[in-house]
2 protein chains.
Amino acid sequence: MQAVTDLAQRRNEALASRTRAAILRATIAVIARHSLSGTTVQLVAEAAKVAPGTVILHFQKKDALLLAALEQIAAEFETARRAALEAAGGDPVKALEAIIEVSLDPKVSDPANVAVWYAFWGEAKARKLYLERIGSYDTVSQEGLDRLFAEIISKGNSGGGYRHLNAEALAMGFSGLLEWQWQEILVSGRNYDREAAKQTARAYLASIFPQEFAPH
Amino acid sequence: MQAVTDLAQRRNEALASRTRAAILRATIAVIARHSLSGTTVQLVAEAAKVAPGTVILHFQKKDALLLAALEQIAAEFETARRAALEAAGGDPVKALEAIIEVSLDPKVSDPANVAVWYAFWGEAKARKLYLERIGSYDTVSQEGLDRLFAEIISKGNSGGGYRHLNAEALAMGFSGLLEWQWQEILVSGRNYDREAAKQTARAYLASIFPQEFAPH
DNA sequence: AGATGATAAATGAATACTCATTCAGTATCG
DNA sequence: CGATACTGAATGAGTATTCATTTATCATCT
C-alpha cells in the first residue's frame, strides 16, 4: 500500500513540474510583453496553454508566481556569471573578458530577460521582496568586480603605472556600462548589435588597462 | 460680456492650475511609494486632498496623469542638467564636475524622483510612450557626455597622453556609474551618502584624466 | 493484454473583489 | 448671478481566486 502511494506520487511530480516550468516560462514571456501590471493570470494561462485555475493551483497566489519568475531569472544570471568566472580560473583579465561575453550573451541578455529584470526594478521600491532579490544579485556581482579591478591594478604588468587608479570607481563604471547596454537592448530589442557593444566594453577596459587589454 | 467671461476664466485658470499642480505632485509621491501598478486614482486624490473625480476632471484618463508625471520629472532633470552645463561655460572639465553635482543633488536625485524614474523604466517595454520619453532623455544626455569626453581627450593638457582613450566607452562608463549610484539611492533611500558618491564619481574621472581631475 | 479503481492534475464557470470613470448635484468666486 | 471648479456615490469593466467536476495516469487484478 505504501509502495503504491509512493509510485503514484513520483509520476505526478514529474508531470506537475513540467507544467510548473511551462507556466514559469510563460510568465516571463508575458511580463516581457505586458510589463508587471499588465500581466494577468488569464494571459499567463493562455501562454502556457493551461486553465487559469492551474496557474493558481501551482503557485497559490499571483504574487508568488511573479516572485518565482524573478527568482528564476536571477538564478539564471548567477549561474551564467559564476560559470564564466570559474572558466577564467582566477585570472582577472580573463574574468573581465568573460563577464563581457556573459553579459551580452544572446541567451542571458535576451530582450525578454532584460525587460523582466527592469520590470522588477520598477516595482522594487514598493515590494521589499523584489528589492532584496535584485539588490543581493547586484551587490554580489559588484563586490566581485571590485576585487578583479583591484587585482589588476596591484598586480598588473605595467610596472606600477596603475597605482593612481581607483578600483571601486572604475569597477562601478564598468558595471554601469554593462547596465547601460542592457537598457539599450530594452530600447532596440532584437536588432541590437551585440558585437559592437562588446567592442565598446572591451574599449573601456583597454582605455584603463592598455597593457592587459590591448586592442588586439 | 466678453470681458466678464475673460476675467472669470483667468481666475479659474489660476485656481485650476494650482489644483492641477497639487495633483501632479501627489501623483509623483504616490508612484514613489506604491509603484506604478499600485498607484490608484483614489490614492492620488487622497494625497492631493481632492475628490477622485477631480483627478479625472483635470487629466481625463489615469494614463494621461501618469504620462504628465513622467513629463514633469523628465523636464526637471533636463532643466537642471542644462543649467549646470551652461554654468560650466563650455569647459568640459567644469561640465563633468557640474554633472556630478547635479546628478547627486538632493533635490534632483530625491529618492522619490529616482523611484518614479525607475518605475517608468519598468513599464517602458510595454508602453511605447514611456519608452520614447525616457529614451530621448537618455540619448541626449549620453551624446552630450560623449562630446565632453572626446574634447578632454583631444585637447587635454597631458601632451597627447590620452590618445589611446576611447571617449564613447568612457562616457558610457561614466553615465553608467551615475545610474548605478541612483540605483543605490533607490535601495538605501534617505540615508544614502551623497558626498561619498560624489567622491567616487570624481575618483572615476581622476583615474582616467589624472591631469584634469587631480585629487585636489 | 485489457479492464479497474484510486489518486493527483487540470479545468473553467462562478464569486467576490478592486478600481477607473461618470455625472447629477454642490460649492466657490468675482 | 453666472460660470467654472469640485464632489463623491454609483456604475461597470476587469481580474484573482475558489471549488465542484472532469480528465489523465498508472499499479494492480483478471
Side-chain angles (χ1 to χ4, degrees), chain A residues 1-27 30-31 33-69 123 126-127, chain B residues 1-27 30-31 33-69 119 123 126-127 129:
Chain A
M1 196 58 181
Q2 185 62 42
V4 170
T5 304
D6 279 0
L7 280 172
Q9 278 180 355
R10 204 169 310 140
R11 169 182 69 80
N12 295 334
E13 271 167 28
L15 169 58
S17 81
R18 231 180 311 135
T19 306
R20 201 188 138 93
I23 292 173
L24 263 185
R25 250 181 293 119
T27 304
V30 171
I31 294 174
R33 187 177 307 276
H34 300 280
S35 86
L36 274 181
S37 67
T39 295
T40 67
V41 173
Q42 200 43 258
L43 281 172
V44 169
E46 274 166 29
K49 291 179 193 166
V50 298
T54 307
V55 174
I56 296 294
L57 174 71
H58 281 275
F59 292 92
Q60 286 70 256
K61 303 260 163 204
K62 184 191 172 187
D63 212 63
L65 171 69
L66 298 180
L67 235 132
E123 291 269 320
R127 304 208 155 257
Chain B
M1 193 59 178
Q2 186 61 42
V4 170
T5 303
D6 279 1
L7 279 172
Q9 279 180 355
R10 205 169 310 141
R11 168 182 70 81
N12 294 334
E13 271 167 27
L15 169 57
S17 82
R18 231 180 311 134
T19 306
R20 201 187 138 93
I23 292 173
L24 263 186
R25 250 180 295 119
T27 304
V30 171
I31 295 173
R33 187 177 306 276
H34 301 278
S35 86
L36 275 180
S37 68
T39 295
T40 67
V41 173
Q42 202 42 258
L43 280 173
V44 170
E46 274 166 30
K49 292 181 193 165
V50 298
T54 307
V55 174
I56 297 294
L57 175 70
H58 279 276
F59 292 92
Q60 285 68 256
K61 304 260 164 203
K62 184 190 174 188
D63 212 63
L65 171 69
L66 298 180
L67 228 117
E123 290 269 318
R127 306 208 154 256
L129 281 176

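Values below: every heavy atom of this structure, side chains too, minus hydrogens, waters and symmetry copies. A note on names: the letters A, B, ... follow the listed sequences, proteins ahead of strands, and every chain is numbered from 1.
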Would you compute the distance between atom CG of A:Leu66 and atom NZ of A:Lys61 and round it to the nearest 0.5 angstrom?
13.0 Å

Does the protein touch nucleotides 11-18 of chain D at the base, only the backbone, or not at all? Give it as B, S and - per nucleotide, heavy atoms under 4.0 Å.
----SSSB

What's the CZ-C1' distance between B:Arg18 and D:dC6, to the nearest Å?
13 Å

Rounded off to whole Å, could you give me the CG-to-P distance for the B:Leu65 and C:dC19 pair?
15 Å

A:Glu123 and B:Ser37, any side-chain heavy atoms less than 4.5 Å apart
yes

Between A:Gln42 and A:Pro52, what is the shortest heavy-atom contact and its length?
NE2-CG, 3.7 Å

Once rounded to the nearest 0.5 Å, what's the spacing between atom CG of B:Leu67 and atom OG1 of B:Thr27?
12.0 Å

Atom pair CG/CZ of B:Leu65 and B:Arg20 - distance to nearest 0.5 Å
9.0 Å

On a heavy-atom basis, the closest approach of B:Leu36 and B:Ala119 is CD1-O, 3.5 Å

Is A:His58 close enough to C:dA9 that one of its side-chain N or O atoms is under 4.0 Å from OP1 or OP2 there?
no

Taking 4.0 Å as the cut-off, does a side-chain nitrogen or oxygen of A:Thr19 come that near to OP1 or OP2 on C:dA10?
yes

